[in-house]
**Student:** 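To start, I am sharing the structure in question, which I have written as structure tokens.
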Amino acid sequence: MNINQLNFKHLFYFWRVAQQGSLTHAAEQLQTSQSALSTQIRQLETRLGTPLFDRQGRQLALTATGQQVFAYADSMFGLGEQMLGWLEGRDEDTAPIRVGSVSTMSRNFQVNWLRPLLHDPRVVLSVESGLLPTLVERLLRHQLDVVLANQPVPSNPARPMSSRFLGSQDISLVGRADRWSGATLRVPEDLDAIEMAMPSARHGVRLQFDALCFSAGVRPRLRAEIDDMTMLRLIARDSGWITVLPEVVVQDELQTGELVRVGQSSQLTEHFYAITARTGRLPDPLDRLLSRETAGGIFTDAPNPIQPTRTSSCSLND
């Protein structure tokens, strides 16, 4: 097969469907019928000699070959859109960056990590939060450039991804200074019957904490369990309870003295990862940020900065 035999209209339709993850949405955007779209994609698959989608009922998932073909198509048509933008007089130096973040992660962590991009005048940033599986699917469809998460994801030929380890931070127990200043609690030995606010069971930190308390035969008194880190920060600030969380969540309150650390355990740790797809291209400012030698400087405003670590690419199957 030579380049003259490749139907670029069929390839464009495939690219749109892969972007949307849906024949229905792609057909609406392209103002054509689903049946016509499906027919032209099948013609492309016939020409290439391999299926690009794994069709399971009404669900479409890219095959391993489909992932690679999509990456090439994304580069081709992405450059085409940049060319049209330049011809229309748009800013050729603009760098759109699409970030997904697991909803249980600290907003302070996100801002600290994104800060170099905020200072880059070329960057147009969009950030969305959600569940990790949903964000990963959008990443694989190249609807996101990077996903920030507190756990790595496995990689395989059908789902090629890399999880870069950004760093980790010990989990702390914090309380209001007007009640807990000067207090030091051993974790978990001194927590029996202590009133506490904690992350919900969806958060890995909570699972670690519960396992630690169970092993020690300690039963704190649960007063609140909060899924959102911003809400947990407000609970820590406005209640008199001890709160379990990464210090980056309440870095401002610790600096002003409104909250104080009353306990900490090296057995309770949260890890931070930047997840990217291995196919396709990254915007230059994001690529440079991910290629830095260390994560030093990300948490320079935190009272207990995250320990810098190398950000070399890794995945569970590497």
**Student:** Quiz question: by atom type and distance under 3.5 Å, do the side chains of N112 and R115 form a donor-acceptor pair?
**Tutor:**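 The answer is yes; a qualifying pair exists.
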**Student:** Give, for atom CD1 of I235 and atom CD1 of I226, the distance between the pair rounded to the nearest 0.5 Å.
**Tutor:**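 One finds 5.0 Å between CD1 of I235 and CD1 of I226.
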**Student:** Please check if the number of heavy atoms outside M231 that lie under 6.0 Å from its CE is greater than 12.
**Tutor:**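 No, not enclosed.
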**Student:** Would you say Q34 and T24 are linked by a side-chain donor-acceptor pair, where the criterion is simply a distance under 3.5 Å?
**Tutor:**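 Yes, because at least one side-chain N or O of T24 sits under 3.5 Å from a partner of the opposite role on Q34.
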**Student:** Do the charged groups of R16 and E28 touch, with an N to O distance under 4.0 Å?
**Tutor:**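 No, R16 and E28 are not salt-bridged.
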**Student:** Rounded to the nearest 0.5 Å, what separation is found between the CE atom of M229 and the OG atom of S200?
**Tutor:**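 It comes to 7.5 Å.
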**Student:** Evaluate side-chain contact (heavy atoms from CB on, under 4.5 Å) for F70 paired with L52, printing each intermediate quantity in order.
**Tutor:** CA-CA 9 Å; F70 176 79; L52 301 176; over 6 Å; no
**Student:** Examine distances only and state if a side-chain atom of S103 and a backbone atom of S129 form a donor-acceptor pair shorter than 3.5 Å.
**Tutor:**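 Checked: no pair found.
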**Student:** Would you call E128 and R138 a salt bridge, using N to O less than 4.0 angstrom?
**Tutor:**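 Salt bridge between E128 and R138, a charged N being under 4.0 Å from a carboxylate O: yes.
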**Student:** Looking at R176 and D238, does any basic side-chain N land under 4.0 Å from a carboxylate oxygen?
**Tutor:**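 Looking at D238 together with R176, the answer is no, because their closest N to O distance does not fall below 4.0 Å.
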**Student:** Go through L48 and L6 one step at a time and tell me if the side-chain contact (heavy atoms from CB on, under 4.5 Å) criterion holds.
**Tutor:** CA-CA 8 Å; L48 297 178; L6 180 61; 4.3 Å; yes
**Student:** Heavy-atom distance under 4.5 Å between the side chains of Q169 and H271, does that happen here?
**Tutor:**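 Q169 does not reach H271 side chain to side chain.
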**Student:** Can you tell me if S239 uses its side chain to pair, donor with acceptor, with the backbone of A236 under 3.5 Å?
**Tutor:**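 Pair absent, no side-chain N/O of S239 close to backbone of A236.
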**Student:** Quick one: pull up CG in N150 and CG in L132 and give me the separation to the nearest 0.5 Å.
**Tutor:**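 Reported value, rounded in 0.5 Å steps: 8.0 Å.
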**Student:** Mind checking salt bridge (charged side-chain N to carboxylate O under 4.0 Å, His left out) for R42 and listing every partner two or more places apart, or none if nothing turns up?
**Tutor:**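 Scan of R42 (salt bridge (charged side-chain N to carboxylate O under 4.0 Å, His left out), adjacent residues dropped) gives none.
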**Student:** For the pair D287 (side chain) and P283 (backbone), establish whether a donor and an acceptor sit closer than 3.5 Å, ignoring hydrogens and angles.
**Tutor:**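 Here the side-chain-to-backbone pair does not exist.
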**Student:** May I ask you to list the residues sharing a hydrophobic cluster with L212, side-chain cutoff 4.5 Å, ordered by chain and number?
**Tutor:**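 Reading the cluster by chain and number, L212 sits alongside I171, L173, W180, L185, V187, L191, I194, M196, M198, V205, F209, V218, L222, I242, V244, V260, V262, L268.
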**Student:** Look at the side chain of S155 and the backbone N and O of M161, then say whether any donor-acceptor pair between them is shorter than 3.5 Å.
**Tutor:**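 Flag set: sc S155 to bb M161 pair under 3.5 Å.
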**Student:** When you compare the side chains of R278 and S162, does any donor N or O come within less than 3.5 Å of an acceptor on the partner?
**Tutor:**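 Their side chains do contain a donor-acceptor pair, which is all the 3.5 Å distance test asks for.
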**Student:** Are any of the side-chain heavy atoms of I97 and L114 separated by less than 4.5 Å?
**Tutor:**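 The answer is no; the side chains never approach within 4.5 Å.
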**Student:** Scan for side-chain hydrogen bond (donor to acceptor under 3.5 Å, both in side chains) pairs involving residues 215-226, sequence neighbours excluded, and state none if there are none.
**Tutor:**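 Matches after skipping sequence neighbours: E195-R221, E195-R223, R206-E225.
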**Student:** Is it the case that the side chains of T63 and T65 hold a donor-acceptor pair, with the cut-off being a distance below 3.5 Å and no angle test?
**Tutor:**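 The criterion, which ignores hydrogens and geometry beyond distance, is not satisfied for T63 and T65.
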**Student:** Quick test of your reading of the model: are D228 and R107 salt-bridged, counting only N-O distances below 4.0 Å?
**Tutor:**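 Result for this pair is yes, salt bridge flagged.
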**Student:** May I ask you to decide whether R237 forms a salt bridge with D252, counting only side-chain N to carboxylate O separations under 4.0 Å?
**Tutor:**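 So R237 does not pair with D252 through a salt bridge.
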**Student:** Could you tell me whether F14 and F53 have their ring centroids closer than 6.0 angstrom?
**Tutor:**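 Yes, the ring of F14 comes within the 6.0 Å limit of the ring of F53, centre to centre.
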**Student:** Rounded to the nearest 0.5 Å, what separation is found between the OG1 atom of T39 and the CG atom of L44?
**Tutor:**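 Those atoms lie 12.5 Å apart.
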**Student:** Main chain of T269, side chain of Q208: is a donor-acceptor contact present, judged purely on distance under 3.5 Å?
**Tutor:**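 Answer holds: yes.
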**Student:** Keeping the roles fixed (side chain from R233, backbone from E253), state whether a donor-acceptor pair exists under 3.5 Å.
**Tutor:**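 Not at all, since once roles are kept as given, no pair shorter than 3.5 Å links the two residues.
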**Student:** Using atom types as modelled and distance alone, determine if a side-chain donor or acceptor of R164 lies under 3.5 Å from a backbone N or O of A274.
**Tutor:**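 The answer is no, because no donor-acceptor pair under 3.5 Å joins these two groups.
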